[in-house]
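Keep in mind the model is a prediction, meaning the values are calculated, not measured.
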Amino acid sequence: MARILLIEDSPTESAVMTQLLERNGHVVLTSGSAEDGIEACRRERPDLVLMDVVLPGMNGFQATRALSRDAETKSIPVLIVSTKGMETDKAWGLRQGAKDYIVKPPREDELISRINELLGA
């Protein structure tokens, strides 16, 4: 079981992802914006961050870069989960410091498998 911070601005997506993660034994913290998510990450120290890209204000790429360059949060893996599915988006996300990138909507088994890999489970 891991503590996962979900940074997602869509209440529907957030509810669906939270149910999926909780069904697989994880504790889910949520944030509706990148800025709030960065603060929550510093405060809560989750085991993993699931990051949307299209967010109000700061986007997920910028937030991922901020987290991966911050001494307090750089050891927390970021998995981008986004509708932006082009190879250039994936490459850019990984260059910003994400450890993995999945296109929405993720298949439950694939998402859980990727999370387990990142957590070393």
Side-chain angles (χ1 to χ4, degrees):
M1 174 176 75
R3 291 174 69 241
I4 297 175
L5 173 60
L6 173 61
I7 302 176
E8 168 64 64
D9 64 322
S10 161
T12 303
E13 281 284 333
S14 187
V16 168
M17 292 286 282
T18 297
Q19 286 179 340
L20 183 158
L21 294 166
E22 288 176 345
R23 184 168 57 241
N24 284 276
H26 298 294
V27 174
V28 182
L29 312 165
T30 60
S31 181
S33 74
E35 294 85 353
D36 290 346
I38 290 169
E39 284 307 309
C41 196
R42 288 186 182 127
R43 184 178 60 248
E44 300 292 337
R45 296 287 200 275
D47 299 307
L48 177 87
V49 174
L50 291 181
M51 179 78 71
D52 188 17
V53 170
V54 181
L55 294 164
M58 178 187 280
N59 70 41
F61 291 138
Q62 294 167 314
T64 297
R65 185 171 54 240
L67 291 173
S68 68
R69 292 184 178 170
D70 184 321
E72 290 183 46
T73 57
K74 68 181 180 184
S75 65
I76 301 168
V78 175
L79 169 55
I80 293 178
V81 184
S82 176
T83 55
K84 296 175 75 63
M86 293 179 61
E87 283 304 314
T88 52
D89 296 317
K90 293 178 185 179
W92 186 245
L94 295 173
R95 282 190 60 197
Q96 303 315 302
K99 299 300 182 205
D100 205 346
Y101 194 113
I102 283 187
V103 177
K104 287 181 186 176
R107 284 195 352 260
E108 182 169 347
D109 60 337
E110 182 183 9
L111 179 63
I112 296 304
S113 171
R114 301 267 191 101
I115 287 170
N116 289 340
E117 281 176 33
L118 290 172
L119 295 173

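- Ion pairing between Glu117 and Arg114 fails under the 4.0 Å rule for side-chain N and carboxylate O.
- Grouping the Ile, Leu, Val, Met, Phe, Trp and Tyr side chains by contacts below 4.5 angstrom, directly or via other members, places Val78 with Trp92.
- Side-chain atoms of Glu22 do not come within 3.5 Å of backbone N or O of Val28 as any donor-acceptor pair.
- We find the OG1-CZ distance between Thr64 and Arg69 to be 11.0 Å, quoted to the nearest 0.5 Å.
- Nearest approach of Lys99 to Leu94, heavy atoms of both residues: C-CD2, 4.0 Å.
- In this structure, CZ in Arg65 is found 10.0 Å from CZ in Arg95, a value given to the nearest 0.5 Å.
- To the nearest 0.5 angstrom, Met17 atom CE is 5.0 Å from Leu50 atom CG.
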Note to self: One pair to check against side-chain contact (heavy atoms from CB on, under 4.5 Å): Ile115 and Ile4. What are the steps and the verdict?
What the structure shows: CA-CA 9 Å; Ile115 287 170; Ile4 297 175; 4.1 Å; yes
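- Rounding to the nearest 0.5 Å places CD of Glu72 at 5.0 Å from CZ of Arg45.
- The two residues Asp52 and Val54 come nearest to each other via the heavy atoms OD2-O, 3.0 Å.
- Of all non-hydrogen atoms in Lys90 and Tyr101, the two that sit nearest each other are CG-CD2, 3.4 Å.
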Notebook entry, point to check: Can you check side-chain contact (heavy atoms from CB on, under 4.5 Å) on Cys41 and Val49, steps first, answer last?
Noted result: CA-CA 8 Å; Cys41 196; Val49 174; 3.8 Å; yes
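- Met1 and Leu5 are assigned to two separate hydrophobic clusters, defined by single-linkage of ILVMFWY side chains at heavy-atom distances under 4.5 Å.
- The line from CD1 of Ile7 to CE of Met51 is 3.5 Å long, rounded to the nearest 0.5 Å.
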Notebook entry, point to check: How far apart are the C-alpha atoms of His26 and Leu48, what are their side-chain angles, what is the distance that settles it, and do they pass the side-chain contact (heavy atoms from CB on, under 4.5 Å) test?
Noted result: CA-CA 11 Å; His26 298 294; Leu48 177 87; over 6 Å; no
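- The main-chain N or O of Ile38 is never found under 3.5 Å from a side-chain atom of Ser31 such that the two would form a donor-acceptor pair.
- The structure places CG of Asp9 at 12.0 Å from OG1 of Thr30, a figure rounded to the nearest 0.5 Å.
- With Gln62 contributing its side chain and Asn59 its backbone, the two residues share a donor-acceptor pair below 3.5 Å.
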Next item on the list: Determine, stepwise, if the pair Leu67 / Ile76 fulfils side-chain contact (heavy atoms from CB on, under 4.5 Å).
Entry: CA-CA 8 Å; Leu67 291 173; Ile76 301 168; over 6 Å; no
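- Ile112 and Leu79 end up in the same hydrophobic cluster when Ile, Leu, Val, Met, Phe, Trp and Tyr side chains are linked at under 4.5 Å.
- Taking hydrophobic clusters as Ile, Leu, Val, Met, Phe, Trp and Tyr residues chained together by side-chain heavy-atom distances below 4.5 Å, Leu119 does not share a cluster with Val27.
- Asp36 approaches Ser33 most closely through the heavy-atom pair N-OG, 3.2 Å.
- Thr73 and Ala66 get closest at one heavy-atom pair: OG1-O, 4.4 Å.
- When the side chains of ILVMFWY residues are joined at heavy-atom separations under 4.5 Å, either directly or via intervening members, Met58 and Leu6 end up in two distinct hydrophobic clusters.
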